[in-house]
Amino acid sequence: MTAETTPHSTPATPHTFQVDLRGLVDLLSHHLYSSPRVYLRELLQNAVDAITARRAVEPDAPARVRLYAEEGRLRVEDSGIGLTESDVHSLLATIGRSSKRDGDLESARAEFLGQFGIGLLACFVVAAEIRVVSRSARAQGAPPVEWAARDDGSYTVRTLPDSAREEPGTTVYLTARPGSGEWLTEDRVLALARDFGSLLPYDVRVGEEAVTGLPAPWDRSYPSPAARRVALAGHCHELFGFTPLDSIELELPLAGVRGVAYVLPSAVSPAQRAGHRVHLKGMLLTDRADELLPDWAFFVRCVLDTDSLRPTASRESLYADEALAGVRDALGGRIRDWLTGLAAGDPERLARFLSVHHLGVKSLARHDGDMLRTMLPWLPFETTDGRLSLEEFAQRHPVVHFTRTVEEYRQVAPIASAQGIGVVNGGYTYDSELVEALPSVRPGTAVAELDADTVTAHLDMVDPAQELALASFLSVARATLDPLGCDVSLRSFHPLTVPALHLDDRAARHEQARAEAEEEADDLWAGILGSLRGSAPRARLVLNHLSPLIRRISTLDDPELTGTAVESLYGQALLMAQRPLRPADSALLNRAFVGLLEWATHGETDPKGGGR
């Protein structure tokens, strides 16, 4: 007994799906295709496929596509294989069928652009009526046939006299839908045809205007390398709107890929959409191929032609499969080879490139030890010795210290430089990762993260007797800043123009944030946060004993004025480090500023009304 029948059932009756053409057109225009402009690509694609099919059986057959537009109408003529009446019924009136599946053409299927049989239906996105007049090159003596369809789903098929079309091929007539006439104007058709079909292998024209321009710019011969660079730069400007810093040849014969990558003349965000242009057998597939290159190669824009990568059903993007992944890796390798070649033979061009796009190369070098090793003498980093490569910086310092944030670097850079500590600002994208990877490509290099204790250890201790003499001043300073979670210490360091240095690290900032959250939480969360209290050292304000300003403040005999001065030193140290200010810090700065103004403008009267 089968699943189809039971002892008391009747045999199942087959039925045919009924397709609502209006609904299908809405699906195409609002969900499958991104824009009505794809209608012209489908027309060109059908024409080119028809010519390819005819040349499979007649190698010397003509290869012409002509488009004529006027007053809301478009006529597209091709010299392709054509259709018989039987073909029209089976292909144009059956949704999902493709002529490329027919037996004697199967061997040539790899040469076709279309793979999904949607064909002329896409034209209903802009057309109310479609009429096709075709004569077959395969069926000798068969009369021309006409297929006429409307967007309400109705169609007619009839044969025509021989005079309707004497030569094999197909003519498609479109009549615009209300509100879509602009898509069938001659200027719009010419622009779309050039955008989609500039690399097609056949003679395509809109009226008398040529559309195709083979060979492609990267396949042409030029009198010199300089002339080639100039020509490609002009092509880039015409295509993408910018003049490139350089061009990179992209050729993968085994993958059927040929093209060029243009290096952007200005820096861009790694998150910016790439906008690579990919042609499939000459027809533009997409101008937004974001998955074509590795993420680190965001500094180039590519244009290429391929005959191996698979398009999605809408033929507006690439299918994410193993072939695309392999091509992506191989194209990344070409760009990597270009960078290596510049490092070996043209350091001036490399320096110009890195001055703009060092971020992309750093992104690559994070995961590529060979690239990091190659680029060590060239990649720029912000350091206490100026803007240097890691190679040069490591030669100057036995230990390469680095900070993980820009704020930490700004805290310590002036002091570290004066004390002879070499520090790299690792707060920029990828920089701390590259510094940490330095020993793997430069054996023997010592790398250490710089923290507050390391900086303090390099500052000179103050004579105990001198520090004891300032005990009352330090006591007031510590009492003033204790509510802010900040300790106070006294050291001697250069430069003298820095009266105070604010130091903390991530552990100290974490503890500070926990304490603030505990103060604002309810009893339950306060208890939980209290249990997380850490033993990490707090932030500290290091006062410079060599600073004349510190020495003057330490002699003040008014504790309140001393406290106001210490608050001012604390606020100024925070501003020097360019740290984000907490509400408590902002309130302190405002209080200290007003207090000093009152003290300065009240003559012999202090801010509280007493003597100065």
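What you see below is based on every heavy atom in this structure, not just the backbone, and it leaves out hydrogens, waters and symmetry mates. Residue numbers run from 1 in the order of the sequence given.
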Decide side-chain contact (heavy atoms from CB on, under 4.5 Å) for Val542 and Phe493; before the verdict, give the C-alpha distance in whole Å, the side-chain angles of both, and the deciding distance to 0.1 Å. CA-CA 10 Å; Val542 183; Phe493 56 87; 3.8 Å; yes
Quick one: are the ring centres of [X] and [Y] less than 6.0 Å apart?
X	Y	value
Trp296	Tyr430	no
Tyr409	Phe402	no
Phe242	His237	no

Give a yes or no answer on whether the side chain of [X] reaches the backbone of [Y] with a donor-acceptor pair at less than 3.5 Å.
X	Y	result
Ser198	Asp195	no
Arg229	Ser247	no
Ser440	Ala437	yes
Ser417	Ala413	no
His401	Val423	no
His545	Glu467	no
Arg228	Trp218	yes
Ser308	Ala255	yes
Thr480	Val476	yes
Thr340	Arg336	yes

With side-chain contact (heavy atoms from CB on, under 4.5 Å) as the test, would you mind laying out the steps for Leu459 and Ser492 before giving the verdict? CA-CA 6 Å; Leu459 304 180; Ser492 296; over 6 Å; no
Heavy-atom closest contact ([X] atom, [Y] atom, distance):
X	Y	result
Ser266	His357	O-CE1, 3.1 Å
Asp463	Ala465	OD2-N, 2.9 Å
Gln572	Leu589	N-CD2, 4.4 Å
Ala446	Pro398	CB-O, 3.6 Å
Gly369	Val441	O-CG1, 3.6 Å
Val424	Leu390	CG2-CD2, 4.3 Å

If the plane angle is over 60° it's perpendicular, under 30° parallel, otherwise tilted; pick one for His235 and Tyr262. tilted
Is any side-chain heavy atom of [X] closer than 4.5 Å to a side-chain heavy atom of [Y]?
X	Y	result
Asn544	Arg491	no
Pro217	Tyr222	yes
Leu434	Arg366	yes
Leu569	Ile553	yes
Val412	Ile421	no

Is there a side-chain contact (heavy atoms from CB on, under 4.5 Å) between Asp385 and His397? Walk through the geometry before answering. CA-CA 10 Å; Asp385 291 353; His397 299 278; 2.6 Å; yes
Note: [X]-[Y] ion pair, threshold 4.0 Å (strictly below):
X	Y	result
Glu392	Arg396	yes
Arg387	Glu382	no
Glu391	Arg373	no
Arg258	Glu249	yes
Asp431	Lys362	yes

Rounded to the nearest 0.5 Å, what's the gap from [atom1] on [X] to [atom2] on [Y]? Could you check?
X	Y	atom1	atom2	answer
Asp290	Thr286	CG	OG1	7.5 Å
Leu596	Trp599	CG	CH2	8.0 Å
Asp557	Ser472	CG	OG	10.0 Å
Glu433	Leu372	CD	CG	11.5 Å

Please check if the number of heavy atoms outside Tyr319 that lie under 6.0 Å from its OH is greater than 12. no
So does Asp368 have more than 12 non-hydrogen atoms from other groups sitting under 6.0 Å from CG? yes
Worked verdict on Leu292 versus Cys302 for side-chain contact (heavy atoms from CB on, under 4.5 Å): CA-CA 9 Å; Leu292 187 63; Cys302 292; 4.2 Å; yes
